[in-house]
Amino acid sequence: MSRARDFADLAGSAQGGGITGANALINGQFAIAQRGTSFTSGSNDDTDYTLDRWKLFSDGNDVVDVTQETSTVPTNRQTAIALDVETANKKFGIAQIIEQKNCVNFIGKTVTLSFQAKVSATTNLDNIKAAIIAWDGTADTVTADMISAWGVEGTNPTLATNFTYENTPANLNLTTSYATYSVTASVDTASAKNIIVFIFSDVTTTSAGEFLYITDVKLEAGQAATPFEHEDIGTTLRKCQRYYYRIQEGGAYQRFGTHQCVSSGNGYAIVHLPVSMRQKPSLHTTGTASNYAVYENNGINTCSSLIAINSNGSSTDVINIVANSTGNLAGGNAASLLANNSTTTFLGFKAEL
């Protein structure tokens with residue numbers, strides 16, 4: 001398939017003339033984890049992105065730890081997402097916002113959300129729900145927090161302005177064994193632009209250490225769920241990299257891109273992206289500028305600043321970063337932007353919804 005072909009071309013159904021069963025969601029098995037495989041205090045706040053394309057929503061911060069699960073998975077599966085309660089008695093859930101190009105075929109149609117899930121115990125995590133939500137604001141400019149009030153147990157969270165439940169979420173009665181669950185809705189909100197899927201715990205009597213596991217998440221056109229379709233991991237990765245791309249291989253002096261020295265201490269780093277991103281991205285970096293350095297023929301020079309994305313010379317395919325150094329660089333020399341003796345330093349690019 002050509003990279004230029006919109007995924008929406010595959011997202012139709014017998015209703016709309018496309019292919020029945022095509023999944024509008026990306027990374028439904030949580031196999032891609034560019035940001036890491038574990039999100040604990042500091043990286044598991046309300047509205048944080050975790051495993052690729054999946055956003056955490058919670059009634060406060062550090063409500064659940066999020067991990068890529070590789071042991072507690074269904075038969076013939078390798079990965080799931082695990083939500084581990086850290087702050088008791090709080091609601092939480094995960095959501096994916098679908099780009100308009102990838103869900104326009106679903107607007108005005110009946111759609112079905114399905115997934116496999118289980119809980120570690122039904123003592124407290126006994127009310128798991130799923131929602132199909134429409135956004136009718138500006139396309140692809142979705143309010144960061146779609147929950148305006150979480151409400152009491154058993155009451156569906158109140159959505160923020162421009163969000164609408166397309167179904168009435170109800171308890172799915174999960175058990176301690178994996179099973180497939182589904183909900184169906186007609187996406188009939190006037191002027192809907194984006195669709196969001198939301199799987200959440202509607203419980204306010206949880207205890208720390210309780211787990212919710214989810215995998216095989218699928219949104220498709222039609223009134224019934226069809227089996228989850230596996231795609232090759234490279235295709236899933238490329239789809240994820242349209243929204244987020246990270247360079248992190250763990251080398252102490254890992255090179256991120258070529259660098260052109262303009263004058264003493266100043267220069268531009270060029271990074272070529274593996275796929276065209278949704279829009280010109282913003283920079284996602286580790287700690288401070290001193291985590292990065294410029295290597296020129298006179299040695300390693302610690303960066304004094306990374307001034308995000310330079311508006312000149314940047315696009316959805318190539319990024320031009322202003323990277324200034326404390327060293328005495330020679331104007332016109334070629335160099336490299338690299339990690340400054342750190343195996344945890346990364347360089348990321350964000351174009352999320």
Side-chain angles (χ1 to χ4, degrees), residues 32-45 47-53 66-68 234 237-238 240-352:
I32 305 300
Q34 293 186 88
R35 293 176 176 86
T37 59
S38 178
F39 303 84
T40 58
S41 182
S43 62
N44 63 343
D45 291 344
T47 74
D48 276 351
Y49 273 95
T50 58
L51 301 178
D52 278 65
R53 298 298 301 123
V66 179
T67 57
Q68 183 187 59
L237 175 61
R238 288 191 297 273
C240 291
Q241 288 173 336
R242 175 171 170 79
Y243 305 92
Y244 184 81
Y245 171 56
R246 177 179 287 196
I247 308 171
Q248 184 179 19
E249 296 178 359
Y253 294 99
Q254 174 182 301
R255 283 167 169 77
F256 298 115
T258 59
H259 186 277
Q260 177 67 46
C261 303
V262 176
S263 61
S264 177
N266 299 319
Y268 300 93
I270 305 299
V271 178
H272 292 266
L273 303 173
V275 301
S276 296
M277 299 196 78
R278 184 181 67 86
Q279 62 183 21
K280 188 190 302 183
S282 60
L283 203 59
H284 184 204
T285 59
T286 306
T288 64
S290 62
N291 289 106
Y292 304 84
V294 174
Y295 179 79
E296 196 226 13
N297 58 15
N298 67 337
I300 294 174
N301 305 278
T302 300
C303 283
S304 57
S305 64
L306 290 176
I307 311 177
I309 305 296
N310 186 10
S311 59
N312 295 319
S314 293
S315 67
T316 57
D317 297 283
V318 180
I319 301 302
N320 184 8
I321 304 169
V322 180
N324 296 331
S325 170
T326 57
N328 185 23
L329 306 179
N333 278 3
S336 298
L337 177 67
L338 70 165
N340 191 12
N341 193 23
S342 168
T343 59
T344 60
T345 294
F346 64 82
L347 191 64
F349 304 91
K350 298 187 295 184
E352 295 283 10

Roughly how far, to the nearest 0.5 Å, is the CG atom of Asn301 from the OG1 atom of Thr326? 6.0 Å
Are any non-hydrogen side-chain atoms of Leu273 and Thr316 less than 4.5 angstrom apart? no
Checking Thr37 side chain against Gln68 main chain: does a donor-acceptor pair fall under 3.5 Å? no
Judged by atom type as modelled, is there a donor-acceptor pair below 3.5 Å linking the side chain of Asp48 to the main-chain atoms of Asp45? yes
Tell me every residue that passes side-chain hydrogen bond (donor to acceptor under 3.5 Å, both in side chains) with Ser325, counting only those two or more places apart in sequence or in another chain. none
Is Tyr244 close to His284 at the side-chain level, that is, under 4.5 Å between some pair of heavy atoms? yes
Which residues pass the ring-ring contact (aromatic ring centres under 6.0 Å, His included) test with Tyr292, not counting sequence neighbours? Phe256
Decide whether Asn324 and Ser305 meet the rule of one side-chain donor and one side-chain acceptor closer than 3.5 Å. yes
Look up atom OG in Ser304 and atom CG in Asn266, then write down how far apart they are to the nearest 0.5 Å. 7.5 Å
Quick one: list whatever passes side-chain hydrogen bond (donor to acceptor under 3.5 Å, both in side chains) with Ser314, sequence neighbours left out. none
Test item: Phe346 and Ile247 side chains (from C-beta on) under 4.5 Å apart, heavy atoms: no
Between Asn310 and Val322 the two heavy atoms that sit nearest each other are CB-CG2, 3.8 Å
Could you tell me if the side chain of Cys303 sits less than 4.5 Å from the side chain of Asn340, heavy atoms only? no
Locate the shortest heavy-atom distance separating Ser315 from Lys280; write the atom from each residue and the value. O-CG, 4.0 Å
Under the rule for side-chain hydrogen bond (donor to acceptor under 3.5 Å, both in side chains), what residues qualify as partners of Asn291, not counting sequence neighbours? none
Over all heavy atoms of both residues, which pair between Cys261 and Ala330 is shortest? Give the atoms and the distance, please. CB-O, 3.2 Å
Show the nearest heavy-atom pair for residues Ala335 and Tyr295, with the distance to one decimal. CB-O, 2.9 Å
Evaluate the side chain to side chain contact (heavy atoms under 4.5 Å, CB included) criterion for residues Thr258 and His272: first the C-alpha distance (whole Å), next the side-chain angles of each, then the deciding distance (0.1 Å), finally the verdict. CA-CA 9 Å; Thr258 59; His272 292 266; 5.8 Å; no
Which heavy atom of Thr345 sits nearest a heavy atom of Ala339, and at what distance? CB-CB, 3.9 Å
Tell me, please, which residues at least two apart from Ser290 pass side-chain hydrogen bond (donor to acceptor under 3.5 Å, both in side chains). Thr288
After noting the C-alpha distance and the side-chain angles of Phe39 and Thr67, does the key distance pass the side chain to side chain contact (heavy atoms under 4.5 Å, CB included) rule? CA-CA 6 Å; Phe39 303 84; Thr67 57; over 6 Å; no
With a 4.5 Å limit on heavy-atom distance, are the side chains of Leu337 and Ile270 in contact? no
Is Gln241 close to Asp52 at the side-chain level, that is, under 4.5 Å between some pair of heavy atoms? no
Would you indicate whether the side-chain heavy atoms of Thr285 and Leu347 approach each other to under 4.5 Å? yes
Here the pair of heavy atoms bringing Ala351 nearest to Arg242 is CB-O, 4.0 Å
Can you check whether Ile321 reaches Phe349 side chain to side chain, under 4.5 Å on heavy atoms? yes
Which of these passes side-chain hydrogen bond (donor to acceptor under 3.5 Å, both in side chains) with Asn333: His259, Glu296, Gln260? Glu296
Pairs satisfying salt bridge (Lys or Arg N to Asp or Glu O under 4.0 Å), at least one member in residues 32-41, at least two apart: Arg35-Glu352
Atom CG in Leu283, atom CD1 in Ile319: separation rounded to 0.5 Å? 8.5 Å
